[in-house]
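Please read all numbers here as calculations on a predicted model, not as lab measurements.
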Amino acid sequence: MKYKIIGIDLDGTLLNSFKRISNKNLNALSAYINRGGIPVIVTGRSSVSAYKYFNKIQKHSARKLRFIACFNGAYIYDQLENKEYKRFISNEIAKEIYDYAQKNKLTAWFYTERATAKKAVEVKGYRLFLTSKFFKNLNLLKVNPRADISSYKINLMSFSKQKIAKTFEELKKIYKDKLVFSLSSKNLIEINSFGIDKGYAMNFVLEKTKTKKDNSIFFGDSFNDVPAFKACGYSYAINPKNKDVCNFSSKTIDYKKNAVASIINKSILEKDDGKQIRLIATDLDGTLLENKTKEIIPSTVEKIRVAVDDKNTYFAIATGRNIDDVKLIVKNIGIKNINNCFGILNNGAIVYEFKTDQYIYQRQLTESMTQIILNEIKSLNASKKFGNIGCYIHRTIDLKKLKDKQKTELYGYNLKFVKTRLAWMSSSFTKNNWYPKNFNEINDDDILASACKFVIYTDSPSNNAKVFEHFKSMQLDVSVTTSSPTNVEVNANGVSKGNALSFLSQRLGININQVMTLGDEENDISMLSLTSNSYTLKTSKVVVKNAASNVLDTKPSYLVGEAITQKILEE
């Protein structure tokens, strides 16, 4: 998609005269988001009112929105990272503006952090009652100049256009290198800390998403949108309030109704069919790796190299295993374009980025939940209700220790039994694509910290099914799945390969239907059902085949090579 980022102003641009988002605009935004685009609400409004529209768009779409920028960029929230970025006008300068407003009989709104937390704004003005009549949904508080009134943004208002024009010029001279001023109308001045405007917000998003300026568009209608016009590669002035705004935009649209929808549909979506595969996400055991040898056949290795190194396709190994094995496998494949590689680990509890050598997403079990699960495993094994049971725990691996080539420490319970199951599953457990590990019997509660996943082993498929149903019936706040006939896997609630893949594709700005997914077991269903380019084996369980859009009559490892040939190499 050429335009990976679109920034959208609210009032006068996305919203209609009733201050609503029309269904046509909602549908167009939803299609853009689901195709992999990243829309950003960039508004002078407070976070209180802006979030109403953010949530409306998100509810209408299959994928989550990432960014919202309020107070002209003084407050930016990144939902994927769950981080807030804030910039304030200092308390000292805010009080100077307060004194100026009082002297010149201007109504002043102070968007302090304290008031915003109460869904309010602090107001100074001789027309407080009249102002409240126009903004019935806002909680208006009287400014206390003796308190800290450092603010995200300050608005100065007057019914006199001449007074606003004079104030605008005076304050610009006084605070030339300290504040930013913009006229959103002839009766309203918006004031932010120096360097903060809608252009700052868009540059922040472009940098965060590693997007080039030419791959972004901004929709706006007033002078406070001009900095964003300049920050983006292309811009539309939608029915501008002042025709001089047109001098700064790439194009002017002289109609208002559903303009955003019309532009998105005709200029963005129609020009991008979204069919090219940009990310391969494959399961390991039984999919990329052969069942017995745990190796990748040479022809598949070569096709992965061509796809990633020559075609610049992203490559993610989505597995129940941890980062130690995934790094070893990627190394064994011999991929040169390592910056395009990722690990979706522990059934989606962790996403690892090779480029930065960092975990970019984590969802761990709480220590209390880890203790509950471990106690239940011990109790079941002691009773022999479902035969022999053992487990080991996947913890978040210290990347520095891994870099120093230290062995991975695996802690478990009833490990003698667990090792017999592992040996039965693969005679090549320690030879091919398994990083060296030390197995330790659990004897210290400290190891319960940073647990990502339990791998529970049973002695037969029938007992495994019973253990699976047992943990499901406990109604714990966890996710329970399986990746073989004799194991049950437990993660934190909401953890799945599909959710982690959704995070990764959105972070990369990739339409989910530009993702190829491959798997063979129940813990792969969440990612197989995400995209129309999903593959499994004819020998997979019925429930897995029902989730995949393509079922191939082939063997593990061959499956990945054949799918790459079909969707990447032959097109």
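At most 12 heavy atoms of other shown residues, nucleotides or ligands fall within 6.0 angstrom of atom NZ in Lys230. Atom CG of Asn23 has 12 or fewer heavy atoms from other residues, nucleotides or ligands within 6.0 Å. For Lys103, the NZ atom sits in a loose shell: 12 or fewer heavy atoms of surrounding residues, nucleotides or ligands are nearer than 6.0 Å. Heavy-atom contacts from other residues, nucleotides or ligands closer than 6.0 Å to CD of Glu92 number 12 or fewer.
To the nearest 0.5 Å, atom CD1 of residue Ile268 and atom NZ of residue Lys4 are 14.5 Å apart. Cys341 contributes atom SG, which lies 11.0 Å from atom OH of Tyr314 (distance to the nearest 0.5 angstrom). Of the inter-residue distances, the one linking Ile149 atom CD1 with Asn144 atom CG reads 8.5 Å to the nearest 0.5 angstrom. To the nearest 0.5 angstrom, Ile512 atom CD1 is 4.5 Å from Leu530 atom CG. Put simply, OG on Ser267 and CD1 on Ile217 are 7.0 Å apart, with the number rounded to the nearest 0.5 Å. Atom CZ of Phe110 sits about 13.0 Å away from atom CG of Leu141, to the nearest 0.5 Å.
Ring planes of Phe181 and Tyr175: tilted class, angle from 30 to 60°. By the 30° and 60° cut-offs, the orientation of the rings of Tyr352 relative to Phe354 is perpendicular. Under the 30°/60° scheme for interplanar angles, the aromatic rings of Phe229 and Phe218 are found to stand perpendicular. Ring planes of Phe223 and Phe248: perpendicular class, angle over 60° (limits at 30 and 60°).
Proximity of a side-chain donor or acceptor of Thr13 to a complementary backbone N or O of Leu10 within less than 3.5 Å is not detected. A donor-acceptor pair is defined here as one N or O able to donate and one able to accept, closer than 3.5 Å; no such pair exists between the side chain of Ser249 and the backbone of Tyr236.
With Asn72 as the fixed residue, the side-chain hydrogen bond (donor to acceptor under 3.5 Å, both in side chains) test singles out one of Arg45, Arg87, Glu190: Glu190. Under the salt bridge (Lys or Arg N to Asp or Glu O under 4.0 Å) rule, Asp78 has a single partner from Arg66, Arg507, Lys83, which is Arg66.
Heavy atoms only, all atoms of each residue included: Gly519 and Asp283 are closest at CA-CB, 3.9 Å. Nearest heavy atoms, Ala259 versus Asn25: N-OD1, 4.4 Å.
Side-chain contact between Ile280 and Ile568: present, with at least one pair of heavy atoms (C-beta onward) separated by less than 4.5 Å. With contacts defined as side-chain heavy-atom distances shorter than 4.5 Å, the pair Ile68/Val40 does not qualify. Between Asn340 and Phe315, the closest side-chain pair of non-hydrogen atoms is not below 4.5 Å. Using a 4.5 Å cut-off on side-chain heavy atoms (C-beta onward), Ile304 and Ile564 make contact. Counting heavy atoms from C-beta outward, Ile41 and Ile8 have side chains that stay 4.5 Å or more apart. Between Ile191 and Lys153, every side-chain heavy-atom pair lies at or beyond the 4.5 Å cut-off. At a threshold of 4.5 Å between non-hydrogen side-chain atoms, the residues Asn533 and Thr517 do not count as touching. Taking 4.5 Å as the limit, some side-chain heavy atom of Leu501 sits within range of a side-chain heavy atom of Leu279.
A side-chain donor from one of Asn258 and Ser22 sits under 3.5 Å from a side-chain acceptor of the other.
Between Glu353 and Lys355 no salt bridge is recorded (no basic side-chain N to carboxylate O distance below 4.0 Å).
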Working for side-chain contact (heavy atoms from CB on, under 4.5 Å), residues Ile360 and Leu80 | CA-CA 10 Å; Ile360 57 175; Leu80 280 185; over 6 Å; no
Show your working on salt bridge (charged side-chain N to carboxylate O under 4.0 Å, His left out) between Asp11 and Lys19 and close with a plain yes or no.
-> CA-CA 7 Å; Asp11 297 284; Lys19 301 299 180 185; 3.0 Å; yes
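The ring-ring contact (aromatic ring centres under 6.0 Å, His included) analysis of residues 494-518, with sequence neighbours excluded, yields the pairs Tyr361-Phe503. Listed by first and then second residue, the ring-ring contact (aromatic ring centres under 6.0 Å, His included) pairs involving residues 182-210 are Tyr85-Phe204 (not counting sequence neighbours).
Ring centroids of Tyr111 and Phe71 are separated by less than 6.0 Å, placing the two rings close together.
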